[in-house]
Amino acid sequence: MKGALDLLKPILAGAGSTSEGKVVLGTVEGDVHDIGINLVGMMLEGSGFEVIDLGTDVSPQAFVDAVREHEPQVIGMSALLTTTMPSMGATIEALKEAGLRGDVKVMIGGAPITQDFADKIGADGFAPDASSASRKTKELVGAA
Ligand code: B12
């Protein structure tokens, strides 16, 4: 799968510019699933976003540090385990404590994630798959 993704990446990314905005992506703390968020990242790059990929097992503090360093318009968090979903809420709380919540939109996704959960933790957006993640990011950047 990884090898196929590497081959597909230049095709999906095409000749897209990086003028749409900056997105920080990561799989939350305790979770190493990254196939889905890698697809999301490729779709975003193909739609013209600059993507900063923090990888997997990303702590709330690491998201906060990345927002300070890269000043993205959007962060995208992924969770595939029901046990790691709470880290998404913890990251939103950490952004609030750092005084950064107003500076960045938060989008979440992953197989167990629902719009209802996104509403509960105060995320700005949810998307069920990579192509709708790209549409949702455009919507969030437009609202930023
Ligand atoms: C592949 C896989 C693994 C691989 C991961 C490899 C990798 N590099 O990612 C390995 C073998 C490492 C693994 C390990 C484990 N896994 Co696993 N894994 C899977 C599996 C089979 C597929 C996940 C996947 O890649 N799907 C394909 C991608 C394309 O889909 P996706 O991730 O959902 O992503 C799409 C959308 O959700 C969305 N999306 C995803 N992220 C984001 C982010 C944003 C911002 C947005 C907007 C959208 C978005 O867009 C994507 C593209 O369309 C699932 C079962 C399943 N059918 O889902 C179990 C599954 C997720 N794993 C599970 C479990 C239990 C584990 C382990 C705990 C097993 C163990 N006992 O060790 C460990 C946990 C390791 C850890 N700490 O994270 C359970 C979770 C159960 C639960 N309810 O919590 C599942 C559901 C299997 C099961 N039925 O029991 N796993």
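Just so you know, ligand 1 is whichever comes first in the structure, and atom 1 is the first atom listed for that ligand. Quick note: residue numbers are just sequence positions, from 1.
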Exercise for the section: Just jot down the ligand 1 atoms closer than 4.0 angstrom to any heavy atom of L81, in number order. Expected result: 63 (C), 64 (C), 65 (C), 66 (C), 74 (C), 76 (C), 78 (O), 80 (C), 84 (O)
Handout entry: M77: numbered ligand 1 atoms lying under 4.0 Å from its heavy atoms
Key = 43 (C), 44 (C), 45 (C)
Completion exercise
Shortest non-hydrogen pair, I37 vs G26, comes out as CD1-O, 3.5 Å
Problem - Side chain, backbone, both or neither: the part of I108 lying under 4.0 Å from ligand 1 by heavy atom - result: backbone
Practice task
With heavy atoms under 4.0 Å as the rule, classify the contact between K136 and ligand 1 as side chain, backbone, both or neither.
Solution key: neither
Practice task
Tell me whether M88 is reachable from F63 by hopping between hydrophobic residues (I, L, V, M, F, W, Y) whose side-chain heavy atoms are closer than 4.5 Å.
Solution key: yes
Practice task
Find all atoms of ligand 1 within a distance of less than 4.0 Å from any non-hydrogen atom belonging to D34, and give their numbers and elements.
Solution key: 7 (C), 8 (N), 9 (O)
Exercise for the section: Would you indicate whether the side-chain heavy atoms of L140 and Q73 approach each other to under 4.5 Å? Expected result: no
Exercise for the section: Taking only heavy atoms of A111 into account, list the atoms of ligand 1 that are under 4.0 Å away from them. Expected result: 33 (O), 37 (O)
Exercise for the section: Could you tell me whether L39 approaches ligand 1 through its side chain, its backbone, both or neither, with non-hydrogen atoms closer than 4.0 Å? Expected result: side chain
Practice task
Say whether A79 and ligand 1 are in contact under the criterion: heavy-atom distance to a ligand atom below 4.0 Å.
Solution key: no
Practice task
Provide the number and element of each atom of ligand 1 under 4.0 Å from a heavy atom of A133.
Solution key: 47 (C)
Fill in the blank from the handout: Within 4.0 Å of some non-hydrogen atom of D129, the atoms of ligand 1 are 38 (C), 50 (O), 53 (O)
Problem - Short side-chain to backbone donor-acceptor contact, S87 and A90, under 3.5 Å - result: no
Exercise for the section: Check I35 against ligand 1 and report side chain, backbone, both or neither, counting heavy atoms closer than 4.0 Å. Expected result: both
Fill in the blank from the handout: Heavy atoms of L80 and D31 approach each other most closely as N-OD2, 2.9 Å
Practice task
Step by step, work out the side-chain contact (heavy atoms from CB on, under 4.5 Å) result for N38 and D53.
Solution key: CA-CA 9 Å; N38 285 344; D53 180 8; 4.0 Å; yes
Fill in the blank from the handout: Heavy-atom closest pair (G41 atom, V51 atom, distance to 0.1 Å) is O-CG2, 3.8 Å
Exercise for the section: Taking atom types as modelled, find out whether D129 and S131 have a side-chain donor-acceptor pair closer than 3.5 angstrom. Expected result: yes
Problem - Which segment of P128 sits under 4.0 Å of ligand 1 when only heavy atoms are counted - result: backbone
Handout entry: Any G30 heavy atom less than 4.0 Å from ligand 1
Key = yes
Practice task
Determine, using the 4.5 Å side-chain heavy-atom cutoff (strictly less than), whether I52 and L44 are members of one ILVMFWY cluster.
Solution key: no
Exercise for the section: Using a 4.5 Å cut-off on heavy atoms from C-beta on, say whether the side chain of E71 contacts that of L100. Expected result: no
Practice task
Mark up the atoms of ligand 1 that fall under 4.0 Å of a heavy atom belonging to D31, in ascending order.
Solution key: 78 (O)
Fill in the blank from the handout: Among M88, M43, H33, M42, closest by heavy atom to atom 19 (C) of ligand 1 is H33
Practice task
Below 4.0 angstrom from a heavy atom of G76, which ligand 1 atoms are there? Numbered from 1 as shown, please.
Solution key: 45 (C)
Fill in the blank from the handout: atom 49 (C) of ligand 1: of A130, G125, G36, G110, the nearest heavy atom sits on G110
